[in-house]
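Any value given below was found using the heavy atoms of this structure, including those in side chains, with hydrogens, waters and symmetry copies removed. All residue numbers in this chain count up from 1 along the given sequence.
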Amino acid sequence: MRNTPKLWGPVLDSCADGLGARSVHAALDRLTRRTMALIGDVPHADVSTYPLVSQLLGRLRVRGELRVPVISYLTDPAVHPMWWHPGVDVVLVPHRCMLDQTRRLAGRRGGPPTTIVETAAALPRSLTAARPPAAVSTLRRQLGVPGAVLALDTAGSVGAGPVDRTAVDLASWKAWPVVLCARNERLRRRIEALGVGRGLGWVAEVPDLLAAADIVVHNAGGLACWEALAAAPCGELSRAPGTRRGQRRRSCTPQESHRGRHRAGQPRPCSFGWTAHH
């Protein structure tokens with residue numbers, strides 16, 4: 001993903017059906033014994049937050065090797081077929097836009113009925129905690145925001161994709177890009193060399209940065225979507241490798257995506273949902 005990020009999206013799509021999906025399933029079949037060894041002592045339940053793990057645990061349930069309930073917590077707004085396995089007992093979805101997708105998958109794949117439940121996004125309270133205006137203003141000054149719109153651009157844990165081009169675009173729209181480059185030091189240096197905005201390495205203060213942002217641009221999908229919507233004025237999904245087309249199309253209503261806390265003297269935050277960024 002770091003070296004050839006443009007291949008990540010096609011690889012995900014190929015795993016949805018056909019030869020790619022059959023190859024993945026064959027590989028997973030060979031990993032079930034190791035999965036049982038990793039589980040160790042029998043728990044009360046197994047919870048998965050990753051599609052391939054849901055596939056493995058579902059297989060173990062169907063074979064009778066795992067005798068406790070399996071719960072799959074979906075994180076991606078666009079539900080990839082790999083999330084679904086008929087052996088999973090309960091599927092939790094953090095938004096109603098995912099309910100129909102999951103039900104359609106269940107109808108196509110067949111198998112015993114699975115309980116599908118809409119629930120709240122699993123987010124820490126620090127994301128929604130109110131920040132004093134003075135603290136937000138101080139953080140914006142530390143980031144060098146020159147009275148402009150602060151656009152926080154997150155690039156996942158490896159900083160993959162055309163993130164530096166996104167920063168240039170944001171700057172051309174009179175925004176001040178602050179890019180979370182995670183462990184990608186080369187990307188951080190490229191962002192700093194642009195002369196506009198800031199490039200940050202791995203940071204722990206993401207809730208504070210989200211609270212200070214006017215716009216959040218991200219390509220990570222999954223929980224990053226819910227974090228942005230919970231803590232920041234709006235979330236925008238950038239057109240970056242690894243984001244499925246369906247995920248970019250999945251939109252909230254303006255009322256759902258516009259959760260801004262307008263600050264005096266700042267432009268009002270936009271109210272679009274998750275859209276493709278060019």
Side-chain angles (χ1 to χ4, degrees), residues 1-2 4-5 7-95 97-123 156-158 160 219-226 241-247 250:
M1 184 173 177
R2 184 188 295 272
T4 55
L7 293 179
W8 183 237
V11 167
L12 282 180
D13 288 339
S14 70
C15 293
D17 204 356
L19 178 61
R22 290 194 294 272
S23 299
V24 171
H25 290 306
L28 290 171
D29 286 336
R30 293 194 291 269
L31 292 173
T32 51
R33 182 175 298 179
R34 184 179 178 186
T35 302
M36 280 300 298
L38 290 172
I39 291 173
D41 295 336
V42 179
H44 294 293
D46 277 306
V47 181
S48 166
T49 59
Y50 189 69
L52 295 182
V53 175
S54 296
Q55 289 287 324
L56 284 166
L57 295 176
R59 281 167 164 72
L60 292 171
R61 282 291 278 161
V62 168
R63 296 176 184 179
E65 298 177 49
L66 186 60
R67 300 185 180 276
V68 299
V70 171
I71 302 168
S72 185
Y73 179 89
L74 275 59
T75 59
D76 298 327
V79 182
H80 192 281
M82 292 299 292
W83 271 111
W84 177 260
H85 193 283
V88 173
D89 299 273
V90 178
V91 176
L92 302 178
V93 298
H95 197 281
C97 72
M98 303 161 70
L99 277 175
D100 289 342
Q101 299 176 72
T102 309
R103 287 168 178 161
R104 285 196 298 271
L105 276 177
R108 290 201 302 266
R109 300 300 172 101
T114 296
T115 302
I116 303 172
V117 179
E118 180 186 351
T119 186
L123 299 172
S157 61
V158 296
N219 67 349
L223 290 177
C225 293
W226 316 122
T243 303
R244 297 182 63 237
R245 288 186 295 273
Q247 192 128 306
R250 187 64 50 195

- Pairwise distance CG(Asp100) to OG1(Thr102) - rounded to 0.5 angstrom: 8.5 Å
- Distance from Asp76 atom CG to Met98 atom CE, nearest 0.5 Å? 7.0 Å
- Message: Show the nearest heavy-atom pair for residues Ala45 and Ile71, with the distance to one decimal.
- Response: CB-CD1, 4.5 Å
- Between the CG atom in Leu92 and the OG1 atom in Thr75, the distance rounded to the nearest 0.5 Å is 12.0 Å
- Query: Quick one: CD on Gln101 to NE2 on His95, what's the gap to the nearest 0.5 Å?
  - Reply: 11.0 Å
- Considering residues at least two apart in sequence or located in another chain, which fulfil the side chain to side chain contact (heavy atoms under 4.5 Å, CB included) criterion with Ser48? Val53, Ser54, Leu57
- Rounded to the nearest 0.5 Å, what's the gap from CD on Glu65 to CG on Leu60? Could you check? 5.5 Å
- Rounded to the nearest 0.5 Å, how far apart are CG of Leu74 and CG of Leu99? 10.0 Å
- Message: Going by the rule side chain to side chain contact (heavy atoms under 4.5 Å, CB included), which residues pair with Pro51 if we only count those two or more places apart in sequence or in a different chain?
- Response: Met82, Trp83
- Donor-acceptor pair, side chain of Asp89 and main chain of Val70, under 3.5 angstrom: yes
- Message: For Val117 and Val93: C-alpha separation, side-chain torsions, deciding distance, then whether side chain to side chain contact (heavy atoms under 4.5 Å, CB included) applies.
- Response: CA-CA 6 Å; Val117 179; Val93 298; over 6 Å; no
- Query: Short question: side chain of Tyr73, backbone of Ala122 - any donor-acceptor pair under 3.5 Å?
  - Reply: yes
